[in-house]
Amino acid sequence: MTTLTVARATDGVRPATRTLPLGRAINEALRAAMEQDPKVLVMGEDVGRLGGVFRITDGLQKDFGESRVMDTPLAESGIVGTAIGLALRGYRPVVEIQFDGFVFPGYDQIVTQLAKMHARSLGRIKLPVVIRIPYGGGIGAVEHHSESPEALFAHVAGLRIVSPSNASDAYWMLRQAIASDDPVIFFEPKRRYYEKGEVDTETAPGDPHRAQVVREGRDATLLAYGPTVKTCLDSAAEAEREGHSLEVVDLRSVSPIDFDTIQASVEKTGRLVVVHEAPVFFGSGAEIAARITERCFHHLEAPVLRVGGYHAPYPPARLEDEYLPGLDRVLDAVDRSLAY
């Protein structure tokens with residue numbers, strides 16, 4: 001699979017560094033990519049005139065026209081299939097799946113066509129398609145609007161799976177995903193859309209699949225991605241009041257996974273707690289726990305613990321605070337780890 005790279009932005013019209021909400025950073029990334037490359041297209045349900053249900057694509061159809069920002073029928077399989085055809089003709093489609101739970105009608109196209117074409121053609125055919133999926137809970141939505149299906153896609157070879165936790169990563173990881181010749185599933189933490197951060201739109205960062213230590217610590221490592229990074233940062237701040245120093249690592253990429261950065265942190269702290277919103281059962285944390293146990297067995301002071309959703313359908317809105325991993329459940333896992 002190709003390395004993700006992106007050209008430096010040079011339009012000179014907007015300030016290089018701004019404070020943006022995560023959702024706005026995604027909008028700016030789409031705009032910059034479309035300005036740089038006329039082959040970049042945006043398509044999905046209500047992405048044009050409405051600007052998307054979360055207004056992430058707001059203003060793009062007005063500025064780039066209906067031939068580049070296309071409202072589609074309510075048919076995810078058709079949307080993904082059309083994107084594959086466009087990619088075969090040299091375009092770089094960016095597909096929006098309106099909500100996480102809506103992706104499953106298009107799952108067949110993603111895993112049997114999009115993910116396989118490069119290998120099936122012995123490397124001759126590339127499908128540079130980005131599938132944006134707002135995912136996760138915390139917005140009080142109804143069934144099929146708060147899923148976390150990242151492990152289902154990470155199990156499929158041929159797909160890159162990334163999830164930003166902050167505005168800067170949202171901007172640059174999407175720019176890098178669009179520039180990639182490989183298909184990328186871009187999971188957007190919808191409950192973090194309105195959280196602001198500094199975004200430097202001129203200085204491209206490094207590898208989007210490299211995990212980042214976002215808080216230094218010595219007693220245990222908290223590993224998260226997407227919406228739960230903030231949960232872990234809040235937990236680490238609370239633990240500090242109790243005399244515990246927790247390191248927080250933002251995984252950023254679910255496939256491939258940067259095990260080297262995780263290993264370095266665990267060798268320092270001796271303990272690891274993996275936190276994600278998806279169910280713990282057969283979740284991405286299980287793969288991480290197994291690999292780190294193999295790689296760090298003689299450094300671990302306690303078993304790798306996992307905190308996440310339950311093995312049950314996503315609950316009604318009034319119960320989602322009990323379902324989602326919050327500060328109390330994360331700190332309880334830290335206490336159990338420290339007790340060994």
Side-chain angles (χ1 to χ4, degrees), residues 23 26-27 29-30 33 40-58 60-61 66-89 91-118 120 126-137 139 141-163 174 177-178 180 182-191 193 226-227 254-255 277-279 313-314:
I26 293 172
N27 178 282
L30 291 168
V40 175
L41 310 175
V42 173
M43 54 193 297
E45 298 162 7
D46 298 320
V47 299
R49 186 174 302 176
L50 181 65
V53 293
F54 295 102
R55 304 301 185 268
I56 301 301
T57 55
D58 188 43
L60 295 181
Q61 188 180 78
E66 295 182 7
S67 63
R68 294 190 65 194
V69 182
M70 296 170 278
D71 286 316
T72 66
L74 305 182
E76 286 74 17
S77 181
I79 296 170
V80 176
T82 300
I84 292 171
L86 286 166
L88 288 170
R89 298 289 292 181
Y91 291 92
R92 291 182 175 271
V94 182
V95 168
E96 178 181 298
I97 302 297
Q98 196 170 72
F99 281 94
D100 34 54
F102 297 178
V103 73
F104 299 113
Y107 187 77
D108 177 38
Q109 292 279 16
I110 295 171
V111 303
T112 64
Q113 305 297 332
L114 186 62
K116 302 293 193 297
M117 191 63 72
H118 186 76
R120 186 181 299 153
K126 296 178 174 62
L127 293 179
V129 177
V130 177
I131 299 180
R132 296 178 39 244
I133 306 179
Y135 84 120
I139 64 168
V142 297
E143 186 180 14
H144 302 313
H145 291 68
S146 300
E147 312 291 334
S148 297
E150 60 269 21
L152 297 177
F153 294 99
H155 191 69
V156 179
L159 299 172
R160 292 177 182 259
I161 318 295
V162 298
S163 180
L174 183 54
I178 295 170
S180 172
D182 299 320
V184 180
I185 311 295
F186 193 84
F187 280 103
E188 302 171 3
K190 66 171 84 76
R191 67 169 163 151
Y193 271 150
V254 180
S255 181
E277 288 193 9
Y314 198 89

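Count residues from 1 along the sequence.
Taken from CG in L50 to OG1 in T57, the straight-line distance is 7.5 Å, to the nearest 0.5 Å. In this structure, CZ in R132 is found 10.0 Å from CD1 in I97, a value given to the nearest 0.5 Å. Here the CZ-CD distance, from F187 to E277, works out to 12.0 Å after rounding to the nearest 0.5 Å. With rounding to the nearest 0.5 Å, the separation of OG in S180 from CZ in R160 is 5.0 Å.
You'll find the side chain of P313 stays beyond 4.5 Å of the side chain of E143, heavy atoms only. Considering only heavy atoms from C-beta on, Y314 stays 4.5 Å or farther from S148 through its side chain. Using a 4.5 Å heavy-atom cutoff, the side chains of I56 and Y193 are in contact. Proximity of L114 to I131: side-chain heavy atoms (C-beta onward) are separated by under 4.5 Å at one or more points. With a 4.5 Å cut-off on side-chain heavy atoms, Y135 and I185 do not count as touching.
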Which side-chain N or O atoms in residues 70-88 pair as donor and acceptor under 3.5 Å with protein atoms at least two apart or in another chain?
unit_1, atom_1, unit_2, atom_2, d
D71, OD1, D46, N, 3.4
D71, OD1, V47, N, 2.9
D71, OD1, G48, N, 2.7
D71, OD2, R49, N, 3.3
T72, OG1, G44, O, 3.3
T72, OG1, E45, N, 3.4
T82, OG1, G78, O, 2.7

Donor-acceptor pairs under 3.5 angstrom involving side-chain atoms of residues 99-111: please list them, not counting sequence neighbours.
unit_1, atom_1, unit_2, atom_2, d
D100, OD1, S146, N, 3.1
D100, OD1, E147, N, 2.9
D100, OD2, G136, N, 3.2
D100, OD2, E147, N, 3.3
D100, OD2, K190, NZ, 2.6
Y107, OH, L152, O, 3.3
D108, OD1, T112, OG1, 2.9

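The shortest non-hydrogen separation linking G137 to R191 is O-CD, 3.2 Å.
No donor-acceptor distance shorter than 3.5 angstrom exists from the side chain of H155 to the backbone of F153, with no hydrogens or angles considered. Between the R68 side chain and the V40 main chain, a donor and an acceptor come within less than 3.5 Å of each other. Put simply, the side chain of R92 never gets that close to the backbone of P128: no donor and acceptor are under 3.5 Å apart.
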